[in-house]
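In what follows, a single structure is set out as structure tokens and then discussed.
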Amino acid sequence: MPKTEIGADRFLHSHPHYDGRGALIAIFDSGVDPAAAGLQVSSDGKPKIIDILGCTGSGNIDTSKVVKANADGCTSGASGASLVINTSWKNPSGLLRRLSCAPAMRLNFRG
């Protein structure tokens with residue numbers, strides 16, 4: 001990211017501890033590369049990524065399981081948790097694809 005052009009370098013120089021330390025953030029994104037250099041270690045030496053679950057369906061996550069919600073509009077997720085399907089969602093077939101989860105070490109992030 002171009003820090004000089006957007007003034008971030010001056011801000012960081014004036015506020016060296018305003019770098020997110022102590023903050024815990026969850027990100028749901030299908031395009032995160034956990035091997036990226038900027039995602040390894042925080043400014044205070046702690047790992048930036050605590051846990052990661054791959055749910056992209058790009059071949060390394062099983063998307064073949066088809067399920068239907070029960071009469072209460074619920075189904076179970078891959079973890080076994082009960083999921084309530086939003087009744088405003090338009091799904092004429094009533095069929096849902098249940099995504100599985102995988103540990104990050106099983107996923108191929110570099111292609």
Under 3.5 Å donor-acceptor, K48 side chain and G38 backbone: yes
NZ of K68 to SG of C74, rounded to nearest 0.5 Å, is 15.5 Å
Sequence-distant partners of S14, side chain to side chain contact (heavy atoms under 4.5 Å, CB included), two or more places apart: none
Taking NE2 in H15 as the centre, count heavy atoms belonging to other residues, nucleotides or ligands within less than 6.0 Å. Is the count above 12? yes
Here the gap from D72 atom CG to S82 atom OG, rounded to the nearest 0.5 Å, amounts to 9.0 Å
Say you draw a straight line from CG of D9 to OG1 of T4; how long is it, rounded to the nearest 0.5 Å? 4.0 Å
Remaining members of I85's ILVMFWY cluster at a side-chain heavy-atom cut-off under 4.5 Å? V67, W89, L96
